[in-house]
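First comes the structure, then the notes that go with it.
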Amino acid sequence: MALEKTLVLLKPCTMQRALAGEIISIFEKKGFRICGMKMMQLTDELLSEHYAHLAEKPFFQRVKDSMMTAPVVALCLEGVDAIAAVRTLAGPTNGRNAAPGTIRGSYCVSFQENIVHASDSPETAKVELARFFKPEEIFEWKQCTFDYLYANDEF
Ligand code: ADP
């Protein structure tokens with residue numbers, strides 16, 4: 001168990017469907033601390049890096065194009081085991097297979113238009129946070145709820 005930071009992107013589909021506030025609220029209510037939050041227009045260059053693992057897939061360009069159709073909101077979230085916990089909350093990639101109660105299970109019916117991106121490992125989270133945030137855009141502040149979120153042997 002460790003306090004971790006992870007990157008979440010609210011995708012253009014989320015912005016277009018006016019769900020940004022609702023999705024941010026889910027992360028807040030779950031107990032993640034918002035350490036960074038910014039609105040950005042993504043570029044093909046940045047997305048080619050971000051989705052490099054999909055470069056050989058037939059849908060690579062289509063996914064990148066979709067991610068440029070509107071600005072996104074980038075979030076840095078912190079919590080104990082936050083990287084895995086946020087992925088669990090997001091649900092599997094294809095919204096049609098995502099369990100009710102997960103973000104993708106509750107808000108989407110698509111493989112591609114699936115509401116959020118969330119880092120998938122500690123190594124990826126580190127690289128992705130550096131890709132989307134400058135150090136001074138990540139804020140270390142003690143949220144007053146912290147002592148009520150975890151037992152003291154959990155972090
Ligand atoms: P995840 O976002 O769940 O970590 P991936 O890294 O595999 O999933 O893929 C990145 C994004 O590319 C997905 O969130 C989704 O928007 C899109 N994508 C992945 N696989 C497919 C697919 N088979 N068909 C359409 N879009 C896909």
Side-chain angles (χ1 to χ4, degrees), residues 1-135 137-139 149 155:
M1 289 179 289
L3 257 189
E4 294 175 338
K5 288 184 174 67
T6 190
L7 176 82
V8 166
L9 300 176
L10 306 184
K11 295 188 176 188
C13 58
T14 306
M15 306 305 288
Q16 293 289 11
R17 293 173 58 201
L19 289 171
E22 202 157 319
I23 304 301
I24 291 168
S25 182
I26 290 170
F27 289 120
E28 285 188 296
K29 285 189 268 191
K30 176 76 172 172
F32 297 111
R33 180 173 73 85
I34 299 176
C35 319
M37 179 158 67
K38 67 198 279 198
M39 195 164 174
M40 302 169 73
Q41 174 62 51
L42 302 185
T43 61
D44 193 80
E45 193 186 358
L46 184 144
L47 286 162
S48 293
E49 258 186 43
H50 184 65
Y51 283 140
H53 61 290
L54 301 177
E56 304 308 317
K57 303 280 187 191
F59 51 81
F60 181 51
Q61 190 60 47
R62 196 188 65 202
V63 168
K64 290 194 295 173
D65 288 343
S66 155
M67 290 294 286
M68 293 187 282
T69 56
V72 302
V73 169
L75 297 165
C76 172
L77 300 178
E78 185 184 76
V80 171
D81 299 340
I83 298 160
V86 167
R87 293 276 296 186
T88 301
L89 186 55
T93 310
N94 183 345
R96 291 189 292 276
N97 298 335
T102 63
I103 290 172
R104 288 165 171 169
S106 303
Y107 290 96
C108 71
V109 286
S110 170
F111 215 139
Q112 177 176 289
E113 304 302 318
N114 58 2
I115 309 293
V116 288
H117 165 81
S119 304
D120 65 2
S121 71
E123 297 70 38
T124 316
K126 196 162 180 256
V127 171
E128 291 184 346
L129 284 169
R131 180 176 296 137
F132 285 88
F133 288 96
K134 298 182 190 133
E137 292 170 334
I138 305 282
F139 297 87
L149 290 171
F155 51 86

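Residue indices begin at 1 and follow the sequence shown. Note that ligands are numbered from 1 as they come in the structure, with each ligand's atoms numbered from 1 the same way.
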Practice task
Anything with a heavy atom under 4.0 Å from ligand 1 counts, so go ahead and list those protein residues by chain and number.
Solution key: K11, Y51, H53, L54, F59, R62, V63, R87, T93, R104, F111, Q112, N114

Practice task
Kindly indicate, with the supporting measurements, whether the criterion side chain to side chain contact (heavy atoms under 4.5 Å, CB included) is fulfilled by F132 and L46.
Solution key: CA-CA 9 Å; F132 285 88; L46 184 144; 3.4 Å; yes

Exercise for the section: For residues V72 and L10, determine if any side-chain heavy atom of one lies less than 4.5 Å from a side-chain heavy atom of the other. Expected result: no

Practice task
Apply side chain to side chain contact (heavy atoms under 4.5 Å, CB included) to the pair E128 and R131, showing each step before the final yes or no.
Solution key: CA-CA 5 Å; E128 291 184 346; R131 180 176 296 137; 3.9 Å; yes

Exercise for the section: Could you check T6 against F32 for side chain to side chain contact (heavy atoms under 4.5 Å, CB included), going step by step and ending with a plain yes or no? Expected result: CA-CA 10 Å; T6 190; F32 297 111; over 6 Å; no

Handout entry: Flag side-chain contact, heavy atom, 4.5 Å: N97 against R104
Key = no

Handout entry: Heavy-atom side-chain proximity of L9 to H50 below 4.5 angstrom
Key = yes

